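As structure tokens, the structure follows; a few thoughts come after it.
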2 protein chains.
Amino acid sequence: MHAPPHAVDADATTGKSRDAANTRRLLLSSARRRFAQDGYSATRVRDIAADAGVNVALINRYFSSKEGLFEACLAHARDELGRSDGSSATLDDLVEALTRQVAGPANGDRSLQLLLLLRSSGDETADAIRLNTLRYFADQMAVAAGRSVEDVSSDDLRLRAQIALSTMLGIALLRASSTGLEPLASTGVDGLEGPLRDVITALLAPRL
Amino acid sequence: MHAPPHAVDADATTGKSRDAANTRRLLLSSARRRFAQDGYSATRVRDIAADAGVNVALINRYFSSKEGLFEACLAHARDELGRSDGSSATLDDLVEALTRQVAGPANGDRSLQLLLLLRSSGDETADAIRLNTLRYFADQMAVAAGRSVEDVSSDDLRLRAQIALSTMLGIALLRASSTGLEPLASTGVDGLEGPLRDVITALLAPRL
DNA sequence: TCGCTAAGTCATCACTTGTTTACATCGACT
DNA sequence: AGTCGATGTAAACAAGTGATGACTTAGCGA
């Protein structure tokens, strides 16, 4: 087994040497997928550890508990989602960004983040992050609708943005649902962008 | 305590006497709520039994297993959902029916049926019922869009109907989500019908 | 009233869950 | 070498989980 002495490997996926930060990343990645796809209580910590190729006890070492790991996933999703939609200034940009978010490419991680926002453990802290992210996300969509600022604070626009968000989440959920609902499940970005534009325009476009 | 000999009570909610059909109903009702709100694996059979005011073992007696009870809930939801939307012949009728479905009144049962379609146990039979109901529901919406029959079979219309369904499911989910997302969570039928009409019209209205 | 059957109860099983504990191993520093 | 803290491993624990089978009770006709 003679481990290579030049253990500056630090490869993210195949790193064999002892690298705490790396195993943390591995655990987070596996956990995110499991939590998003199967829900909180349906995922077992042993499965997460197995996916990461790591011992179960390390979950508790690095994240204190299953709930701690879930919160970490949620926080990660919040940061990543908060970063991605800041660039969409117009409605068209928003549609394109959201379509990519829900239907890939690089589908591996994107849509999982959305799913995560629908999964609930019983934990208050996690649910707070979840609700906060959802609210922020919807408000960002309202802003991108290009209305005036006082419009954004109106409950009617908020409601409409949250309904648009509901659509995104519903699609993400149905696409990920164990048994795929066709044609929705296997429609790509190209096929999804049209209808999605119709929805978001109908909900958020300024009234003429 | 001398139990009244004329035990023809058989009241659905307060029935104390031994009534198999009634306890079955009670179990189904409690289970539907639990499964819909908390998901499959997060609900414990003991909680269901406690809600129904019934002994835990009766779940296995009447439904063979926890999964059997879940399948029964799903089948019940399928029948009830299949019955409710047959009446909507026009797009406006559809919007009104769906709005009621997701936002009450008599919210107690309606939206739970929708939520149930998003909850998955690992069971194949249950998932089959679930997928089947979703497909049927979306197709019904396409039919109500008032297009010609050959249009309904087109994948584009199917996709659009499924996206509309996604919106309904997403809303139901966000409204039921443990911590409510305002204003969506507490908006009634009146406030929801407008935006919902916009969405469904944008998705399903025949192109001019 | 007796006795049978359906309906419900109780104790307990086998198993899974998240978590913890005790131990082994690596890498670095003196 | 030898020590030490960080990292990882394996085994076990305690609390629950769904399920089961033997027992008790209610209802009802003979």
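Letters go in sequence order (proteins before strands), and every chain restarts at 1. All of these numbers come straight from a predicted model, not from anything done at the bench.
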> Is A:I200 close to A:L91 at the side-chain level, that is, under 4.5 Å between some pair of heavy atoms?
Replying inline: yes
>> Do B:L116 and B:T133 have side chains that approach each other closer than 4.5 Å (heavy atoms only, starting at C-beta)?
In response: no
> Is the cationic atom of B:K66 (NZ for Lys, CZ for Arg) positioned less than 6.0 Å from the six-membered ring centroid of B:Y40 and within 45 degrees of its normal?
Replying inline: yes
> Are B:D38 and B:R119 within salt-bridge range, i.e. N to O under 4.0 Å?
Replying inline: no
> Under a 4.0 Å N-O cut-off, is there an ion pair linking B:D51 with B:R34?
Replying inline: yes
> Heavy-atom contacts under 4.0 Å between residues 64-73 of chain A and DNA chain D, which residues?
Replying inline: none
Separation of [N] [atom2] from [X] [atom1] (nearest whole Å):
{"X": "A:R61", "N": "C:dA24", "atom1": "CZ", "atom2": "C1'", "result": "12 Å"}
{"X": "A:R24", "N": "D:dA6", "atom1": "CZ", "atom2": "P", "result": "16 Å"}
{"X": "B:D19", "N": "D:dA26", "atom1": "CG", "atom2": "C1'", "result": "13 Å"}
{"X": "A:L58", "N": "C:dG18", "atom1": "CG", "atom2": "P", "result": "15 Å"}
{"X": "B:L27", "N": "C:dT9", "atom1": "CG", "atom2": "C1'", "result": "14 Å"}
{"X": "A:F35", "N": "C:dG18", "atom1": "CZ", "atom2": "P", "result": "9 Å"}
{"X": "B:N55", "N": "C:dG8", "atom1": "CG", "atom2": "C1'", "result": "6 Å"}
{"X": "B:R34", "N": "D:dG18", "atom1": "CZ", "atom2": "P", "result": "12 Å"}

>> Check this for me: B:E124, atom CD, are more than 12 non-hydrogen atoms of other residues, nucleotides or ligands nearer than 6.0 Å?
In response: no
> When all nucleic acid strands are considered with a 4.0 Å heavy-atom cut-off, which category describes B:F63: base, sugar-phosphate, or nothing?
Replying inline: nothing
> When all nucleic acid strands are considered with a 4.0 Å heavy-atom cut-off, which category describes A:V56: base, sugar-phosphate, or nothing?
Replying inline: base
> With B:V54, which of B:I48, B:L27, B:I59 fulfils side chain to side chain contact (heavy atoms under 4.5 Å, CB included)?
Replying inline: B:L27
> C:dA7 phosphate, OP1 or OP2: any side-chain N/O from B:T23 under 4.0 angstrom?
Replying inline: no
>> If the cut-off is 4.0 Å, is A:N60 near the phosphate of C:dT19, judged by side-chain N/O to OP1 or OP2?
In response: yes
>> List the residues meeting salt bridge (Lys or Arg N to Asp or Glu O under 4.0 Å) with B:R44, not counting sequence neighbours, and say none if there are none.
In response: B:D47
>> Here's a test of your reading of the structure: between B:A57 and B:A20, which maps to the more 5' nucleotide of DNA chain C?
In response: B:A20
>> Within residues 42-53 of chain B, which residues have any heavy atom lying less than 4.0 Å from an atom of DNA chain C?
In response: none
>> Quick one, B:L115 with B:Q37, criterion side-chain contact (heavy atoms from CB on, under 4.5 Å). Give me CA distance, side-chain angles, the key distance, then yes/no.
In response: CA-CA 7 Å; B:L115 265 320; B:Q37 285 180 343; over 6 Å; no
